[in-house]
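What follows is a set of notes on a single structure, which appears directly below.
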Amino acid sequence: MTGEDGATFDTPGNLAAAETLRRWVDTGYFNDGYDGVGYDDAWQQFAAGDGVFFLSGTWLNGQLQETMGDNVGFFLMPGVESDQALSAAGGLADPWHISANTDHPEEAKMWLAFLTGERAAELLAENSSLPAIVPDNVTFPAGSLGALSIEAWDALQSSEDGGVVPFFDMPTPSMGDTVFAALQELMAGQIEPDDFIQTVQQDWDAFNT
Amino acid sequence: MPPVRPRPPDVATPRRRLERRARRPFGRIGYLYIAPALVVYSAVVLAPMAHTFWLSLLEWDGLTPARFVGTANYQEVVSDEQLRANFVHAAVLIVFFSFIPVTLGLLVSSAMSRHRIRGFGFFRTVLFLPAVVTPAVVAITWRWIYAPRGSLNSGLRLVGLDFVTRPWLGDFQVALIAVGLIGTWVYLGLAMVLFLAGIQRLPTDMYEAARIDGAGLFHEIRYITIPSLRSEVVIVLTLTMIGALRTFDLIYLTTKGGPGTATEVPSLEIFRRAFLLGRIGSSAAIAITLSVVVLIVSLVIARVGERHP
């Protein structure tokens, strides 16, 4: 969903995705009691060898690489059809703002320059995080989460119809709460895929009327 | 000759005289005495409350100029279905944070008072422990206990109750009760300590006399403990009900209102609207509404507690 006119969450694709997610739960693809496990406990259980796949993002590269060593990989969620364009939800970074009233505009600019600079990229890479811009002198060991993430990123960039879709909790200030609560209800069978779509759409409409 | 009945001693007179003296106005000098406390109280309690009330009449995102909207925020509090559900959840929590601890507290403290127990001080400390542990620690401990592979489920599996096991905090039907029981555990300690202190103050001959007359534990509770502990019960009810209505930390650290919206409470929404959604006015309106509810509940308890049986 973007600010464009007629933007809607109510699409056949999203409905199919909601139905698929529900089917995965019903088939037992998720761990028993998944709804009672917090985020940090979840990736720690995964790192301890509990589960085969973990749906998450590159922000966990550091922790997972450190705990699992070479025993962990990273790949993009494949499309429904094998020849389908690759796409993924994601965001390059957090938005930063400089207040017009600040007494320290120069320092703020320097901070932004540091964040996007080479030194920061090196530090991020050293700690198995993913810099937004990878300088030439920064390399990730082959097969590491960092290298695999960059491969995935390049694949998304070269994908003609696909690419990166902004995170679903970003369109409105309350969308995170709405989507996460509705997802839990959808997965637990409290609401149907249709209701899920409508709930998300209502949040969007409330901010765009 | 008819027997001369001695006149009953006039006990009312001295008391009435005392009351009259108490009611006599101190004049303006009285305000001077309370002035220091009043100044501090106004600065840290009354002024922020008045400010919050003012904010609740605005539509304000915290940054750009505010707009006066009158009672619109309050109308939303009443009409918002989710918010109404939040208040109902808080009411359910009152049962677990307040009624159960008070009932259990009265039962257990009466039972403990029937016999001399060796190491009484030790037990009292242990019982009070939950009430002094930081809520953050309480929440994280219980998260482990309630986890899908936590100690509660392990224990249930050990005794063959596999069909009862569930992700306690992730189950739509039981999550609110599970959170409520954490509150029971926390506030039972508070109730016990106050009740035990109250019972120790009572002369033991009352219990002895009751026992000679053949009173059992429940008669003792009904006719001695509860009437004698009236003020303690009022205090514990007030504290725990306020605790239930304003609970935030426990929920934020265990379920964050989930699964879905099963454990959403007003205080969580106050926080969310003020600090995440930038809806200061709406947030303030919920806060004021919650404060009024708390005030009414406290007044009702105090009123009922003062009435003689």
Side-chain angles (χ1 to χ4, degrees), chain A residues 18 21-22 25 28 30-51 94-95 97-102 169-193 195-196 198-200 202-204 206-207, chain B residues 61-64 76 80-82 85-86 139-140 142-154 156-157 162-175 178-179 252-264 268-269 271-280 282-283:
Chain A
L21 188 65
R22 175 68 165 278
V25 178
F30 289 89
N31 289 19
D32 271 350
Y34 68 88
D35 213 359
V37 183
Y39 183 73
D40 286 317
D41 295 335
W43 74 254
Q44 279 161 16
Q45 281 181 16
F46 171 72
D50 197 359
D94 299 317
H97 308 270
I98 302 177
S99 166
N101 298 327
T102 179
D169 55 342
M170 282 181 168
T172 74
S174 60
M175 195 54 102
D177 288 319
T178 304
V179 169
F180 298 145
L183 270 179
Q184 289 174 343
E185 288 171 348
L186 169 72
M187 292 172 77
Q190 301 277 313
I191 59 172
E192 294 308 311
D195 307 323
F196 169 73
Q198 293 315 317
T199 306
V200 176
Q202 274 163 20
D203 184 298
W204 171 251
F207 279 87
Chain B
D61 61 9
L63 297 168
T64 52
E76 199 207 331
D80 189 327
E81 224 170 280
Q82 181 57 49
N86 291 2
I140 289 167
W142 278 92
R143 233 166 59 185
W144 288 340
I145 294 174
Y146 280 145
R149 285 172 210 178
S151 41
L152 179 57
N153 281 339
S154 307
L156 287 171
R157 274 190 208 100
D162 294 56
F163 60 95
V164 190
T165 60
R166 64 195 66 216
W168 298 93
L169 292 170
D171 188 298
F172 279 82
Q173 273 74 44
V174 298
V179 171
Y252 188 78
L253 288 166
T254 50
T255 65
K256 279 207 172 67
T261 53
T263 56
E264 286 281 356
L268 217 57
E269 194 60 23
F271 164 77
R272 186 175 296 134
R273 292 196 183 184
F275 299 107
L276 302 180
L277 300 182
R279 298 185 57 198
I280 310 285
S282 173
S283 167

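Note that this is a predicted model, so its numbers are computed, not measured. Residue numbering restarts at 1 for every chain, and letters A, B, ... go by the order of the sequence lines.
Options B:Pro167, B:Gly260, B:Gly278, B:Ala262 differ in how many heavy-atom pairs under 4.5 Å they form with chain A, and the most are formed by B:Gly260.
More than 12 heavy atoms of other residues, nucleotides or ligands lie within 6.0 Å of CZ in B:Phe271, so this atom counts as buried by the packing criterion. The number of heavy atoms from other shown groups lying within 6.0 Å of CZ (B:Phe275) does not exceed 12. Within 6.0 Å of CG on A:Asp32 lie no more than 12 heavy atoms contributed by other residues, nucleotides or ligands. Within a 6.0 Å radius of CD in B:Gln82, more than 12 heavy atoms belonging to other residues, nucleotides or ligands are found.
In this structure, the portion of A:Gln190 lying under 4.5 Å from any heavy atom of chain B is its side chain and not its backbone. Only the side chain of B:Arg272 comes within less than 4.5 Å of a heavy atom of chain A; its backbone N, CA, C and O stay farther away. Only the side chain of A:Asp50 comes within less than 4.5 Å of a heavy atom of chain B; its backbone N, CA, C and O stay farther away.
A distance of 6.0 Å separates CG of A:Asp35 from CZ of B:Phe172, quoted to the nearest 0.5 Å. In this structure, A:Phe207 CZ and B:Leu277 CG are separated by 6.0 Å, a value rounded to the nearest 0.5 Å. To the nearest 0.5 angstrom, A:Gln184 atom CD is 9.0 Å from B:Thr255 atom OG1. For the atom pair CG (A:Asn31) and CZ (B:Arg149), the distance works out to 6.0 Å, reported to the nearest 0.5 Å.
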B:Lys256 and A:Phe180: side chain to side chain contact (heavy atoms under 4.5 Å, CB included), yes or no, with the steps?
-> CA-CA 11 Å; B:Lys256 279 207 172 67; A:Phe180 298 145; over 6 Å; no
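Pairing each heavy atom of A:Gly33 with each of B:Pro148, the nearest pair is O-CG, 3.1 Å.
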